[in-house]
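Here is how names work: the chains are called A, B, and so on, in the same order as the sequence lines, proteins then strands, and each is numbered from 1.
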Amino acid sequence: MRSHSVKRESMLAALGFGVLLSINLSISAGAEQAVTLAGCRDLQHTSSGASECYRKLLAQTTDSLTSAEALWGLGDLQRANQAFQIAARARPDDAAVRSRWGWLYLETGQTADAEALFTEAHAIKADDIDALVGLAEIATNGFMRGAEQAILRALAVDPRHPRANMLLARLHLEADDTASAQALLQEVLATEGDLESRLQALALLAAVAGIDGLSPDEWTSRALAMAPAFGDIYAVPAYFYIITRRYSEAVALLEQAVAIDPDNYAAHATLGVNLLRVNRLDEARNHLEIAYAGHPYDARVVNTLRLLDDLDEYTVHATDDEIVRVSPDEAEVVTPYVLDLISQARREMTSRYRFELTEPMVVELYPHHSDFAVRTEGLPGIGILGAAFGNVVVMNGPTAQDPDQFDWSNALWHELAHIYTLTMTGNLVTRWFSEGVSVFEEWVHGPAARESVSLGFLQAYAEGLLLPIAELDNGFMRPAYENQIEVSYVQSGLVCQFIDEYFDGGLVRILHAYRDGADTSEAIETALGISPAELDRQFADYLETRFGSIVLELKAFRSELATITEAMKARQWSIAILAAGQATERYPEYVGPNSPYLALGMAAHEAGQDALAKQALLAFWRRGGRNLAGLDLLAEYAREDDDHDILLEIARVQALAEPMAQARHRQLGDLLSNQGAYQDALQEYQAVLALQPFDAAGAHFKVAQSLYRLNRRGEALHQVLLALEIAPRFRPALALLTQLLPNDRDEP
Amino acid sequence: MVAAQILGADLMYRPLLLSLVLMTFPHANGAVRALVIAGLGGEPAYESAFEAAASDVAAGLGSTDAEVALLTRDDARADNVRRTLEDWARTTNADDIVLIAFIGHGSFDGEQFRFNVPGADFNADSLAGWLNAIDSSAQVVVIASSASGAAHGPLAHPSRTILTATRSGGEKNATRFHQFFAAALSSDAADIDKDGSVTMEEAYNYTETHLKEEFDQQGQLLTEHAKRSGPASNLMLARVTPDQATVSDAALNSRLDLLERAIVTLTGRKHDMDSETYFTELKLLLLQMAEAEQQRRPFAAEEVTRVVQVSTSRLGTGLLPELRTPAPVEVEIELPRIGEQDLP
């Protein structure tokens, strides 16, 4: 028999937000019982007597496992957990106790504990089906590489297990293989199963219809006829919209789900999270609070509610064109930079993609990676830097990571490009193409444009691991090897760069094809006029031209990098210089991690070979390399040479990379002032002031100086007074005061 | 003005940068004698970082009228420190001020704080003994090292100000205090009151503030907490604005002091006044201040618009991260996962 708890744990939960249990229960609840566990579960969709049934069961049973199940059915999860503990002590060799206990943990979102219990159960009894399905569920929810194998292991024990079959169908659906999914689901439906299994199969069939662009009404009607409050008939298809980034459609379905099934807390939670993604914050909070009230153990709900509390404190800049939310500590400094980048991106991308956004760009920057993670949780394969949900971008802010490892401005540019590809296709763009355009944007048009590609990509290319273009989405959704997601990003970016270079207007035409409902193969044929196979062939030639020689020398290049690293550690400058020189000749474009240019610059500097150091650092910089210490050194050389252009360029990049570092703004402000760019200098000095500097008098004075040069005398006077109230003997400020006061009388 | 003294051929004395300083400070009657020691680095990165910081500190002190001795590398042996201080015990006047700054590694075994120098280390008790023998109006000890907080007890003395990089002997990671302390002595950003000089108080506050910011920006736990004990000291450590000839007029200086006190009093009442009245009164006082300052030395046009450039390097650490002064060992703390609740 199959059923689920009174708390309406749903299929949706099993699909990634809390877990719905549909377990093959072979629990020996005791023949003497007047009511049975299976009997109680059967009441779930047929009457409202399930609670009463569980109460009776609890009253009559002396078995701790049955008690645990009854308490679970009643929604008393804490006492159910205690009962499982007692059962596990009493029956240490009973695999069923552990596997069922594991499902309780899985339901409450505590995956690691659940996995441990399933593993213990599996060790006790290798063919314990609940444990096998549980492990398959975890692997599937986590988009793990071994998910399919885990499901097949369960099906090997019980080929007709509905839950396992539905997990397999879900894998097919996620891979866009609707035919295989449909066949499996029809089999489940034809099997003499319980009500719950049939309902879930119908929900997945409704999802199949949605993915195929057909009406799901047939399946919806059949399910609702059997169980009018079966909200998952909408919530399950919503899941497939979520993983394809079609959040508005998902939200609409989830709203229908909770409308007919108000106690479906997993659906409320998923709805809340996805309302956030479409920037409907107040409604999101409402549904998350309902979810929390009904299901307080879901860490994602708790986290998201806490995040919303924090978000209330964020500083919001809102216009018709953009809404920017930044933490209060950083807003005053970071927001102007964000607005500049948004403005530049809008100007360029509107022209490049021939598309006008009608909705504002929404950007949220989080100072802590954990907050960002809460905001993005549930999106498969997402990188750790940022995420775009339609016109909403959320990402790590500038201080969330080491600036040498994370270029936040380039990451923002990447995400803003997603807004265009997602919006102009109505979210129908494939993952690989959207990422490809964003990576292409970063490389070619972003704030830190560069030609360098990662060594991981080159290795995969050398080993023949690149996917055909039409299958590139698989590299994101279910990676088959360790760094396939990273490799797929780079490959997608290169494909888009290739299309941009060789097919005039090709990127835009592909986006239009996606908008019109084409899949990748159709989009390529429509937009580029060649077959996917031909595109693969031409792209292979492109790769060969760009990377053929370095791939042949990759081993030697890696060996040189290792030599450089060791030599630098040992301060053996001559060895480092030699190896770095060879490496830069072997792969001149490479400015990624452990760039030989950087090492060459630093080693040559240490060895007193300043001309070589400067040349290497300049090459690193010109090719898009970014490293704060390296650029500091290059700036020192530029200062010695009185090369103000380079100094200014570097200072701009450094201030953008470390917006919370006062010295960067002060330095940039000074350079701008010296060039007479007082307005820009003022922005930098105001940033210093916003960062509450140690030298407050000095900071006020610099703002006053800029305002004075801009002939904003009233404001300048105010700032100079603020400087002098801290340091009354500040001579330059007193001098400025004497300049300002004679003309101050007509100031407001 | 105090002339440099050559104390012994076996000590390496660096140029003693002397300048005429017209301003006064609390201990202005006597001379200032300073000894800066760069301790044993143990590895090249520390060795050069300690030496560079010690040189910067010595240069900063040298920009005042202090007499400065710098001991680095093999010269920084305990014997040389002892001999220098013993010499000072013989030659220092009662109204002189003595400053000793140690930059390096330290250790604490639960009983004794030790300075790591070439040859045998010396401990805080020994240093206290050498310093106690010097009859001076005030003493300042700066110890920029790991575990240096343990030195406060042994060095405590009614006329001795002690600054350390750590608050206890338990903070044993290599410290970064020296970077910021050295920077304070060469940066007008540390000169909070904009009088052209950096005092002990300003340098300490600058160092403490920037240390916290540095750790915070790098997302690291603060592993060193600077500490000071003993009497407050307004000893000038560096002159950061080139001094220029001014009219020395006791009446004028007195007037400037009076005006400054009036402004301080006014700013103290700022929150009790309406804004317009406050700024009107402030303007009037500042105009008088400007007038008096002009009498001391007329304002030059460039004073209004001059842009003081800052260095492009961050405290001179222009190396690859792995070549910078090694970061202290990070303490791993297991943070609770947000909102995750175990079932009881």
Margin query: Please report the interatomic distance CD(B:E202) to CZ(A:F694), rounded to the nearest 0.5 Å.
Written below: 7.0 Å
Notebook entry, point to check: What residue, out of B:E213, B:K270, B:E291, B:K194, has the most heavy-atom pairs lying under 4.5 Å from chain A?
Noted result: B:K194
Next item on the list: Please step through side chain to side chain contact (heavy atoms under 4.5 Å, CB included) for the pair A:L734 and B:L286, ending with a clear verdict.
Entry: CA-CA 7 Å; A:L734 288 169; B:L286 286 169; 4.2 Å; yes
Notebook entry, point to check: Around atom CZ of B:R73, are there more than 12 heavy atoms of other residues, nucleotides or ligands at under 6.0 Å?
Noted result: no
Next item on the list: Kindly check if the number of other-residue, nucleotide or ligand heavy atoms within 6.0 Å of CD (B:Q294) is above 12?
Entry: yes
Next item on the list: Find the one option among B:G196, B:A300, B:A290 whose heavy-atom pairs under 4.5 Å with chain A are most numerous.
Entry: B:A290
Item checked: From B:D195 atom CG to A:F730 atom CZ, the distance as rounded to the nearest 0.5 Å -> 11.0 Å
Item checked: Residue, of B:L256, B:V264, B:L259, B:D191, that accumulates the most heavy atom pairs under 4.5 Å with chain A -> B:L256
Notebook entry, point to check: Are more than 12 heavy atoms from other residues, nucleotides or ligands located less than 6.0 Å from atom NE2 of B:H225?
Noted result: yes
Next item on the list: Could you tell me which portion of B:I192 (side chain, backbone, both or neither) has an atom closer than 4.5 angstrom to a non-hydrogen atom of chain A?
Entry: both
Next item on the list: Using the test side chain to side chain donor-acceptor pair (under 3.5 Å), find all partners of A:R729 that sit at least two apart in sequence or belong to another chain.
Entry: B:D257, B:E260
Next item on the list: Using the test side chain to side chain donor-acceptor pair (under 3.5 Å), find all partners of B:D272 that sit at least two apart in sequence or belong to another chain.
Entry: none
Note to self: Within this structure, what is the CG-OG1 distance for the pair B:D216 and A:T399, rounded to the nearest 0.5 Å?
What the structure shows: 8.5 Å
Check: Between CG of A:L724 and CE of B:M289, what distance do you get to the nearest 0.5 Å?
Finding: 8.5 Å
Notebook entry, point to check: Any idea which heavy atoms bring A:D695 and B:A189 closest together, and the distance?
Noted result: CB-O, 3.2 Å
Check: Roughly how far, to the nearest 0.5 Å, is the CG atom of B:L285 from the CG atom of A:L721?
Finding: 11.0 Å
